[in-house]
Amino acid sequence: MPPKLVSDDGKHVVIRPLAYVPEKDTERWAQYRDFPIIPCNLCGSQENLQRQMIGDMLREWDRKHPGRVNNMFRALQHVVPTHLADPKLFDFQNAKPTGIADENGDKAFDHDDLPSNPSLPAGMQVVQWADPRLLEPCSPACRP
């Protein structure tokens, strides 16, 4: 759910003011301020609920792979409809190249303009990529 959401009937707005605050920061702040913990049967705090299991999984990922959860959250903020597999958002069946840049098109990786090569057809670019491991000198044992 986003930080601010209009209900389906259009009558209400749900506001989640702490949506961007990591849970561990909220917990530390609550302890610092000595806020009471109020038991609740309705908010998903019971053991063995799917919500609790997902929370445990995310905490485990964060422990084993720092930054993974932040990357997932950041990915939810930069959605490109063509990267989703939802045919209601994008007409994949009729997608065809037009040769014209689409202002709403796939720009997920378009941070830098690359120099064009006049020998290539219009709109094409050469991208040189090298795995840093391939740039290291190879020992005689690994040569063919």
Side-chain angles (χ1 to χ4, degrees), residues 1-31 35 37-144:
M1 181 189 316
K4 190 173 181 182
L5 177 72
V6 177
S7 63
D8 290 342
D9 63 8
K11 295 179 182 178
H12 307 284
V13 176
V14 176
I15 300 172
R16 300 174 55 232
L18 300 176
Y20 296 108
V21 179
E23 187 176 351
K24 59 186 170 190
D25 291 349
T26 306
E27 289 171 1
R28 286 196 333 243
W29 179 251
Q31 289 171 354
F35 290 146
I37 303 298
I38 301 168
C40 175
N41 255 0
L42 303 174
C43 64
S45 60
Q46 306 96 313
E47 287 186 35
N48 299 320
L49 288 181
Q50 193 68 20
R51 181 184 186 123
Q52 184 68 37
M53 290 191 283
I54 295 297
D56 292 343
M57 179 187 72
L58 292 173
R59 281 186 286 281
E60 178 73 9
W61 282 359
D62 201 35
R63 187 181 64 73
K64 286 184 174 179
H65 311 282
R68 177 184 280 185
V69 175
N70 288 339
N71 287 343
M72 291 168 49
F73 189 69
R74 201 169 32 254
L76 291 172
Q77 298 171 24
H78 302 286
V79 177
V80 178
T82 56
H83 289 185
L84 304 174
D86 188 345
K88 292 180 226 146
L89 293 176
F90 188 79
D91 183 11
F92 296 103
Q93 188 80 22
N94 295 309
K96 293 178 178 60
T98 64
I100 301 168
D102 181 351
E103 188 59 34
N104 298 315
D106 181 359
K107 294 185 178 187
F109 304 105
D110 295 354
H111 296 293
D112 299 319
D113 285 333
L114 299 172
S116 61
N117 183 334
S119 64
L120 293 175
M124 294 191 79
Q125 298 173 328
V126 174
V127 178
Q128 293 181 348
W129 175 84
D131 184 331
R133 294 170 295 182
L134 298 176
L135 300 177
E136 297 171 2
C138 183
S139 70
C142 71
R143 292 191 183 117

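Because only heavy atoms are used, hydrogens play no part in the values below, and waters and symmetry mates are left out as well, while side chains stay in. Counting begins at 1 with the first residue of the sequence.
- Partners of K88 by salt bridge (Lys or Arg N to Asp or Glu O under 4.0 Å), not counting sequence neighbours: none found.
- Within the 4.5 Å cutoff, no side-chain heavy atoms of E60 are placed close to those of M57.
- With sequence neighbours excluded, no residue forms a side chain to side chain donor-acceptor pair (under 3.5 Å) with D8.
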In residues 68-75, what donor-acceptor pairs under 3.5 Å come from side-chain atoms, sequence neighbours left out?
unit_1 : atom_1 : unit_2 : atom_2 : d
N71    : OD1    : R74    : NH2    : 2.3
N71    : ND2    : G67    : O      : 3.4

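- Among residues two or more places apart in sequence or in another chain, the salt bridge (Lys or Arg N to Asp or Glu O under 4.0 Å) test is passed with D86 by none.
- Screening residues 9-20 for side-chain hydrogen bond (donor to acceptor under 3.5 Å, both in side chains), with sequence neighbours left out, gives S7-D9.
- Side-chain contact check for R59 versus K24: every heavy-atom pair is 4.5 Å or farther apart.
- Shown here are the side-chain contact (heavy atoms from CB on, under 4.5 Å) partners of V6, two or more places apart in sequence or in another chain: V13.
- The side chain to side chain donor-acceptor pair (under 3.5 Å) check on T98 picks up nothing, with sequence neighbours excluded.
- Of all the heavy atoms in F90 and A95, the pair that sits closest is CE2-CB, 4.0 Å.
- Every residue was checked against the side-chain contact (heavy atoms from CB on, under 4.5 Å) condition with Q31, not counting sequence neighbours, and none meets it.
- Residues meeting the salt bridge (Lys or Arg N to Asp or Glu O under 4.0 Å) test with E27, sequence neighbours left out: none.
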